[in-house]
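Chain A is the first sequence line, chain B the second, and so forth, proteins listed ahead of strands; every chain is numbered from 1. As the structure is a prediction and not an experimental result, all values here were calculated from the model.
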Amino acid sequence: MDICKHCQSKSLAANKLVESEIEELEHSCVSVDFLQGEIIFKQDALSSNIIYIRTGLVKVHIKGPDRDQILKIAKGPTYLGIPTTLGDKVNNYSATSLTHVSVCFVDIRTFRHFIENNSEFAYEIILDLCKEELSYYHRCVNQLQKHSAGRVADALLFFADEIYLSKTFNLPLSRSELGDLTGNSRESVSRILAEFNQQQIIQLKGRGIAIINHSLLKEIGKKG
DNA sequence: GCATTAACCACAG
DNA sequence: CTGTGGTTAATGC
C-alpha cells in the first residue's frame with residue numbers, strides 16, 4: 001500500500017521523510033474518518049498517537065472550572081495534539097470534529113523515530129510548534145484584554161480570512177460554542193451578532209454569515 | 001450616585 | 001438551539 005507515499009495532504013514535515021521512513025509510517029499509521037460532532041480524542045484519556053488531520057475542521061477544547069473553552073479551531077492538513085501526546089500520558093484537552101474529518105493516527109514511537117533520525121523532519125515539527133505558540137500568545141492577550149464585541153469580531157474575521165477565505169460562510173459552531181471560543185456567554189454572542197447585523201456590518205441568517213463591512217469589523221476587533 | 005458592560009435566569013419560539 | 005427581556009454585580013466617571 002502506498003497510501004502515505006501518495007497522500008494528497010502530506011505535511012511539510014512528512015515531505016522530508018525518506019523512502020524507508022515513509023514505509024515505516026505506512027505500517028504504523030491508521031486512517032479514520034469522522035462525521036460531524038464526533039470526538040477524535042478525549043481529555044483525560046490515555047493517548048499514544050499523534051493525530052494528523054488530513055481534511056476537515058476540528059475544535060480543540062479544554063474543560064474549564066466553569067465552562068468549556070475552545071482553544072482553537074484547526075483546519076486540515078495539520079498535526080494535532082503533539083504537545084499533549086508527547087508532554088503527558090493523558091490528553092490535556094479534547095478534539096471534536098466540526099465537519100467530516102479525515103485523520104491519521106500515527107504511533108508515537110514511529111513519530112519519535114523520525115524526530116530522532118531525521119533532523120529536517122524534526123525542524124519542520126519544531127517550526128510548526130513555534131508558530132502555534134506565538135499565535136497562542138496573541139490570542140491570550142486578545143482574550144484577556146478585549147471587550148466581548150472585539151472578541152466576536154476577531155472570531156468572525158478568523159473564519160473569513162483564515163478558514164474559509166471568503167466573506168460569506170456558514171459558521172461551523174453553535175452560538176454556545178462561539179461563546180466557548182470567544183469567552184462570552186451564549187446570550188452575549190447572540191446579542192453581539194444581532195447588533196452587527198443591525199449595524200450592517202454583517203448579514204446574519206442563522207449560522208450563515210456574510211461580512212459586509214470588513215474594515216469596520218477589523219476596527220472593532222482592533223479596538224477591542 | 002449614575003451609566004455601562006456582560007453574566008445569569010427565565011421563558012418563548 | 002436561539003433570541004429577548006429583566007435582573008444583578010462590577011467598574012468607571
Q: Would you say A/Thr84 and A/Ser47 make side-chain contact, with heavy atoms under 4.5 Å?
A: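 The answer is no, as the side chains (C-beta and beyond) never meet within the 4.5 Å cut-off.
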Q: Which part of the nucleic acid does A/Gly179 contact within heavy-atom distance under 4.0 Å: base, sugar-phosphate only, or nothing?
A: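 Nothing: the residue A/Gly179, judged by heavy atoms under 4.0 Å, touches no strand.
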Q: Any side-chain N or O of A/Asn184 under 4.0 Å from OP1/OP2 of B/dA6?
A: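 Indeed not, no polar side-chain atom of A/Asn184 lies that close.
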Q: Roughly how many Å is it from CZ in A/Arg175 to P in C/dG3, rounded to a whole number?
A: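 For the pair A/Arg175 CZ and C/dG3 P, the rounded distance is 4 Å.
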Q: Measure the shortest side-chain to side-chain distance between A/Ser174 and A/Arg207 over non-hydrogen atoms and say whether it is less than 4.5 angstrom.
A: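 A/Ser174 reaches A/Arg207 side chain to side chain.
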Q: Quickly work out the A/Ile192 CD1 to B/dA7 P distance and round it to whole Å.
A: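 The distance from CD1 of A/Ile192 to P of B/dA7 comes to 8 Å, rounded to the nearest Å.
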Q: With 3.5 Å as the limit, what N/O pairs link the protein to nucleotides 9-13 of chain B?
A:
from, atom 1, to, atom 2, distance (Å)
B/dC9, N4, A/Glu187, OE2, 2.9

Q: To the nearest Å, how far apart are A/Asp180 CG and C/dT2 P?
A: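 So the CG-P distance, A/Asp180 to C/dT2, works out to 12 Å.
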Q: Determine: side-chain N/O of A/Ser148 to OP1/OP2 of B/dA6, distance under 4.0 Å, yes or no.
A: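 Yes.
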Q: When rounded to the nearest 0.5 angstrom, what is the spacing between CG in A/Asp128 and OH in A/Tyr123?
A: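 It is 11.5 Å, given to the nearest 0.5 Å.
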Q: Closer than 3.5 angstrom, by distance alone: can the side chain of A/Gln69 be matched with the main-chain N or O of A/Gly64 as a donor-acceptor pair?
A: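 Judged by distance alone, no pair lies under 3.5 Å.
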Q: From A/Ile220 CD1 over to A/Ile201 CD1, what is the distance, rounded to the nearest 0.5 angstrom?
A: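 It comes to 3.5 Å.
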Q: Using modelled atom types only, decide if a donor and an acceptor are shared between the side chain of A/Tyr52 and the backbone of A/Ser11 within a distance under 3.5 Å.
A: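 Yes.
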Q: Could you list by number each residue of residues 193-208 of chain A showing a heavy-atom separation from DNA chain B of less than 4.0 Å, or answer none if no residue does?
A: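 None - not one residue of the stretch has a heavy atom sitting under 4.0 Å from the strand.
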Q: Please state how far atom CG in A/Leu178 lies from atom P in B/dA7, giving the value in whole angstrom units.
A: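 Interatomic distance, CG of A/Leu178 to P of B/dA7: 13 Å.
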Q: Can you tell me if NZ on A/Lys218 sees more than 12 non-hydrogen neighbours from other groups inside 6.0 Å?
A: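 At most 12 heavy atoms, drawn from other residues, nucleotides or ligands, come within 6.0 Å of this atom.
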Q: Under the 3.5 angstrom rule, does the side chain of A/Asp180 hit a backbone N or O of A/Ile70 as a donor-acceptor pair?
A: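 No; judged by distance alone, with no hydrogens or angles, the pair does not exist.
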Q: Indicate yes or no for a side-chain donor-acceptor contact from A/Asn197 to the backbone of A/Leu204 under 3.5 Å, with no hydrogens or angles considered.
A: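 Side chain of A/Asn197 to backbone of A/Leu204, a donor-acceptor pair under 3.5 Å: yes, one is there.
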Q: Using a cut-off of strictly less than 4.0 Å, decide whether A/Ser185 has a side-chain nitrogen or oxygen near OP1 or OP2 of B/dA6.
A: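 No, no such contact exists.
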